[in-house]
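For the single chain, residues carry numbers from 1 onward in sequence order. All heavy atoms count here, side chains included; hydrogens, waters and symmetry mates do not.
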Amino acid sequence: MKGFYKQFFSMYVLLVLQNVVTISVNLADNMMLGAYGEIALSGVAAVNQIQFVFQQILVALGEGVVILASQYWGKKEAGPAGNILAASLRFAAAVVIYMAKKGGGLPFRLDAYKKTSKTMTGDYRKVILPLLVTQGLWGINTALQTAVLGHMDAAAIAANSAASTLFLLVKSGAVGAAGAASVLIGTTIGSGQLDLVKLYARKLQKIFVGIGIVSGVTLFFLRIPVLSMYRLGESAMAYANAFLMVLSVVCAGMSYQMPVNAGIIKGGGNTGFVLKMDLVSIWCIVVPLSLVMAFVVKASPVVVVCCLNADQVFKCIPAFIMVNYGNWIRKLTRDSGARNHIQGS
């Protein structure tokens, strides 16, 4: 089991650091804009939602590569992994080249990354279709949250921008855990060691719970020193502080359910489960409830933020049931004889 922990945490640390560096730039931008006041911060927050939706599409393309290529990597077949990258417009090629060089004897042929395969392209499309819908709807949902808060109170959108940026920074722990778990589960399935997959899933869940506790506590105590760097009005500052206290609880739940859903279950090849769960939880429960609370009940923005993020907590239940008792393991690889002839791109 030492190999399991070493493999997971070596990937986890790198992915967290990568995400922290990216979000830190956004946090620094936010703080500089916050020094000008609420109007500048609110305006940029609204415009950034367009970019965020586009970013989620790119995330889906990358996740598709990781899910499918990981299984071939575990199967010790470098060629199909390269074909998948070609099908995804060579997305994340640098990462795979690094893995190939560190792969411990796995044959690496650069020409595999310059060719496409109709079979691999078809398999990749099947994997990414649910991912594109899931991530696209998630991007729209996030933009909708900003729109709802913006129609409620002018100070709420600035407060949400300040709070959500810090939340995204701390959320890096969950993002890194999901990425590392996806690769670990995918390679294990690809290697044919199906008896280890469920064992790894149980061990990963314990790690996720620990990450959630640390992340929630960290966000709770960071909120005051970070918010002190913003120049917000009294109302916006009070909202931001309250939002971050709510998000501290949300972060604890998200740090379990997100790596389970986006890491273990998606990495196991079942990309449809998360899509179905998000369609029900977000668009049939969270969004209608939030709209009612915001525009019918006229509830406080703090209550609306609780409603908008409630799915990050209650999705822990279906995630736990599915990963421990459901059938989520899917073998996505093909034998070499079943793959179509590779043609140069």
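In this structure a side-chain-to-backbone donor-acceptor pair under 3.5 Å is missing from Ser182 to Ala178.
Annotation: the span from Met258 atom CE to Lys171 atom NZ amounts to 5.0 Å, rounded to 0.5 Å. To the nearest 0.5 Å, atom OH of residue Tyr230 and atom CE of residue Met237 are 9.5 Å apart. Distance check: Ser228 OG to Asn241 CG gives 11.0 Å after rounding to the nearest 0.5 Å. The structure places OG of Ser161 at 9.0 Å from CG of Leu232, a figure rounded to the nearest 0.5 Å. Between the OG atom in Ser10 and the CG atom in Leu184 there is a gap of 9.0 Å [rounded to 0.5 Å]. For the atom pair Leu227 CG and Leu166 CG, the distance stands at 7.0 Å (nearest 0.5 Å).
With contacts defined as side-chain heavy-atom distances shorter than 4.5 Å, the pair Trp328/Ile185 qualifies. Looking at heavy atoms from C-beta onward, Leu168 lies out of side-chain contact with Thr165 at the 4.5 angstrom threshold.
Judged as a salt bridge (Lys or Arg N to Asp or Glu O under 4.0 Å), not a single pair has a partner in residues 185-198 (not counting sequence neighbours). For residues 259-272, the pairs satisfying side-chain hydrogen bond (donor to acceptor under 3.5 Å, both in side chains) are Glu63-Lys266, Gln257-Asn261, with sequence neighbours left out. Note on residues 126-146: no pairs pass salt bridge (Lys or Arg N to Asp or Glu O under 4.0 Å), not counting sequence neighbours.
Below 30°, between 30° and 60°, or above 60°: for Tyr12 and Phe9 the angle between ring planes is above 60°, a perpendicular geometry.
By the ring-ring contact (aromatic ring centres under 6.0 Å, His included) test, Phe220 pairs with no residue at all, sequence neighbours left out. In terms of the side-chain hydrogen bond (donor to acceptor under 3.5 Å, both in side chains) criterion, residue partners of Ser172 (sequence neighbours excluded) are, by chain and number, Asn19. Take Leu332 and apply the side-chain contact (heavy atoms from CB on, under 4.5 Å) test, not counting sequence neighbours, and it matches Ile67, Leu68, Gln71, Val127, Arg330. Residues that satisfy the side-chain hydrogen bond (donor to acceptor under 3.5 Å, both in side chains) test with Gln193, not counting sequence neighbours, are Ser191. Partners of Asp278 by side-chain hydrogen bond (donor to acceptor under 3.5 Å, both in side chains), not counting sequence neighbours, listed by chain and number: Lys315. Residues satisfying the side-chain hydrogen bond (donor to acceptor under 3.5 Å, both in side chains) criterion with Ser300, sequence neighbours excluded, are absent altogether. For Val214, the side-chain contact (heavy atoms from CB on, under 4.5 Å) test picks out Thr218, with sequence neighbours left out.
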Would Val148 and Val304 satisfy side-chain contact (heavy atoms from CB on, under 4.5 Å), going step by step from the backbone distance to the final call?
CA-CA 9 Å; Val148 169; Val304 175; 4.0 Å; yes

Under 3.5 Å, side-chain donor or acceptor atoms of residues 280-299 against the rest of the protein: list the pairs with distances, not counting sequence neighbours.
residue: Ser281; atom: OG; partner: Met277; partner atom: O; Å: 2.8
residue: Ser290; atom: OG; partner: Val286; partner atom: O; Å: 2.7
residue: Ser290; atom: OG; partner: Leu308; partner atom: N; Å: 3.4

Identify every side-chain donor-acceptor pair in residues 204-211 under 3.5 Å, counting partners at least two apart or on other chains, and give the distances.
residue: Gln205; atom: OE1; partner: Tyr256; partner atom: OH; Å: 2.7
residue: Gln205; atom: OE1; partner: Asn324; partner atom: ND2; Å: 3.0
residue: Gln205; atom: NE2; partner: Ala201; partner atom: O; Å: 3.3
residue: Gln205; atom: NE2; partner: Asn324; partner atom: OD1; Å: 3.1

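In terms of heavy atoms, Ala156 sits closest to Phe243 at O-CE1, 3.7 Å.
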